[in-house]
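I have placed the structure first, in the form of structure tokens, so that the comments after it can refer back to it.
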There are 2 protein chains.
Amino acid sequence: MSAKPQPQPQQNHLLAALTPDVQGRLFPYLELVQLPLRALLYESRRPMRHVYFPTDSIVSLQYVMENGASTALSVVGNEGLLGITLFMGGESTPTRSMVQSAGYAYRLPRLRVKEEFNRHGQLLLLMLRYTQALITQISQTAVCNRHHTIDQQLCRWLLLSMDRLSHNHLTMTQEFIGNMLGVRREGVTQAALKLQQQGVISYARGMIKVLDRPKLEALSCECYGVVKKESDLLLNYLPQRQVIVNTDSIPTAELSTIPAAR
Amino acid sequence: MSAKPQPQPQQNHLLAALTPDVQGRLFPYLELVQLPLRALLYESRRPMRHVYFPTDSIVSLQYVMENGASTALSVVGNEGLLGITLFMGGESTPTRSMVQSAGYAYRLPRLRVKEEFNRHGQLLLLMLRYTQALITQISQTAVCNRHHTIDQQLCRWLLLSMDRLSHNHLTMTQEFIGNMLGVRREGVTQAALKLQQQGVISYARGMIKVLDRPKLEALSCECYGVVKKESDLLLNYLPQRQVIVNTDSIPTAELSTIPAAR
DNA sequence: TCCTTTCGGTGCGGTAGCGCGCATATGGTG
DNA sequence: CACCATATGCGCGCTACCGCACCGAAAGGA
């Protein structure tokens with residue numbers, strides 16, 4: 001957060017994969033927004049106004065139960081987008097989207113998306129493909145929740161998050177990870193301890209560094225591999241063009257934020 | 001299975017919701033197939049040739065792990081269709097689809113679906129809406145797997161299955177349900193015993209009867225309600241036309257079957 | 001500098017669900 | 001009618017995880 005980043009639409013793989021003509025139509029309407037940690041892009045059952053394309057932020061989809069406990073269903077970064085409901089035909093979902101790693105995203109008003117969608121072109125195809133990958137990820141979360149230990153799930157979570165970042169460290173507390181996985185903080189502590197003792201990660205007060213990624217993958221359950229493989233298969237785009245865009249004074253999206261994790 | 005059923009395309013809600021012109025284009029290509037218990041419509045990572053529209057059968061999507069254990073991700077009956085991957089842009093998925101309650105389904109060759117899909121009309125919209133409902137169901141499975149007891153999950157499962165049948169009895173053993181929920185058979189036995197003692201269900205050797213549905217709903221976790229509500233919201237179609245079609249000597253789809261549950 | 005808040009580490013009793021082994025009933029088949 | 005495969009019931013020890021309570025250390029604000 002110290003050095004000014006230089007977000008550009010093409011950092012998002014979906015935006016980058018569009019052909020110039022589609023980009024020409026859409027990019028003028030893109031709005032760059034800053035996403036602080038814990039901000040909510042969508043709340044459960046509230047109308048959705050934009051579709052978000054993360055560049056260097058990570059957002060997770062979660063379901064919040066009646067008693068307040070939550071579970072993350074998937075992780076979305078620069079490989080994807082948020083707001084699939086808008087083009088799938090609904091207006092809201094029972095899930096919410098929370099920023100899990102601060103950063104930037106471009107967003108497009110609902111109307112523009114629907115407009116472009118109705119042209120039945122490239123954007124439609126891309127979005128559907130991405131939705132398919134998302135379904136795989138949610139499915140695998142279900143499987144993992146049923147069959148695997150917290151240790152394995154932590155590995156999966158770290159890997160999924162790392163894949164969406166350009167560096168090897170994550171800013172999140174164990175309490176936070178517990179909320180994501182839907183387990184106790186103490187459970188995460190135990191799992192993290194084991195990983196640290198094995199030299200796979202190191203951490204301190206909300207900063208986690210991955211030291212040995214191959215080992216992390218080995219310790220993870222098959223779920224990570226399945227999701228990764230399927231995503232790569234589905235989202236194997238054209239090579240991405242590089243465009244340099246310098247930006248300044250980017251607004252923070254007017255979003256509600258989760259207080260402190262209780 | 002004693003009395004000959006009279007399947008008709010309109011028993012499937014999605015087919016019924018199509019306007020006559022679309023029906024006119026598609027129905028000539030519909031093929032009625034019989035789906036025996038435990039038949040596999042799709043196997044993991046195998047090419048998919050048809051889209052299936054169940055009339056009175058129930059099919060579940062499941063993921064099979066490397067060690068052979070499985071978990072159901074969702075239940076599909078006459079409210080939906082199987083093979084969303086075909087129009088989402090993939091050719092296969094890591095999940096398989098297994099018949100959970102024998103019956104009939106109409107199927108459409110892949111090519112016809114894609115053709116109609118490319119017209120970007122009603123079928124596209126319907127399918128996307130259904131996909132959204134399916135995502136909700138899979139998500140809720142993930143939540144349920146994490147947070148709820150076997151007792152609650154059994155209730156959810158029974159309710160989801162009942163909603164897709166026109167009668168109040170299910171033909172499935174506890175062993176089978178265990179495979180679906182990804183839990184031990186003994187766990188299901190315990191849960192079923194409790195339900196029977198409370199007079200909510202009665203069962204014997206693979207035949208389960210639901211005696212007190214309201215109580216079943218009360219004993220279920222919130223997951224069932226969320227899925228139901230969201231589906232009703234998304235799939236709230238036009239009133240369905242009734243057409244009587246008499247059929248005879250319906251072929252069984254050439255499908256592989258799971259041996260006996262081990 | 002002090003004080004408060006946050007983060008991570010630990011221990012303890014309780015429980016849901018697992019793996020396993022075995023007993024019993026029952027419906028279908030020969 | 002006899003038999004057998006199948007479906008269900010039950011007990012036992014074990015493990016992963018939970019809820020709770022408490023601690024110390026580090027970070028950060030005043």
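Only this structure's heavy atoms are used, side chains among them; waters, hydrogens and symmetry mates stay out. Proteins get letters first, then strands, A, B, ... in listed order; numbering begins at 1 in each.
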Would you mind classifying the nucleic acid contact of B:Gly206 as base, sugar-phosphate or nothing, using non-hydrogen atoms under 4.0 angstrom? sugar-phosphate
I need the NE2-C1' distance between B:His148 and C:dG17, as an integer number of Å. 16 Å
Count the heavy atoms belonging to other residues, nucleotides or ligands that lie under 6.0 Å from CZ of B:Arg46, then report whether that count exceeds 12. no
Would you kindly give the CE-to-P distance between B:Met207 and C:dT26, to the nearest whole Å? 16 Å
Looking only at C:dC18, D:dA7, C:dT10, the nucleotide nearest the B:Val183 side chain is C:dC18
What's the closest nucleotide to the A:Leu193 side chain, out of C:dG9, C:dG8, D:dC10? C:dG9
With the side chain of A:Ile150 defined as its heavy atoms from C-beta on, choose the nearest nucleotide among D:dC18, C:dG17, D:dG9. D:dC18
Just to confirm, is there a sub-4.0 Å distance from OP1 or OP2 of D:dG9 to any side-chain nitrogen or oxygen of B:Gln174? yes
Nearest heavy atom decides the nucleotide; on that basis, is A:Arg185 or A:Arg205 closer to the 5' end of DNA chain C? A:Arg205
Given side chain to side chain contact (heavy atoms under 4.5 Å, CB included), test B:Arg146 with A:Gln153 step by step and report yes or no. CA-CA 12 Å; B:Arg146 158 66 62 226; A:Gln153 292 182 49; 2.5 Å; yes
A:Glu186 has its side chain closest, among C:dC18, D:dG11, D:dC20, to D:dC20
For A:Cys144 and A:Arg156, what are the C-alpha separation, side-chain angles and deciding distance, and is it a side chain to side chain contact (heavy atoms under 4.5 Å, CB included)? CA-CA 9 Å; A:Cys144 210; A:Arg156 172 176 63 88; 3.1 Å; yes
Starting the side chain at C-beta, find the nucleotide from D:dC17, D:dG11, D:dT8 nearest to A:Thr149. D:dC17
Whole angstrom value for the distance that separates P of D:dT6 from OH of B:Tyr203: 20 Å
Between the side chains of A:Tyr104 and A:Asn12, is a donor N or O closer than 3.5 angstrom to an acceptor N or O? no
Could you tell me the separation between the CG atom of B:Asn179 and the P atom of D:dT6, rounded to a whole number of Å? 15 Å
Regarding the side chain of A:Arg184, the nearest nucleotide among D:dC18, C:dG19, C:dG9 is D:dC18
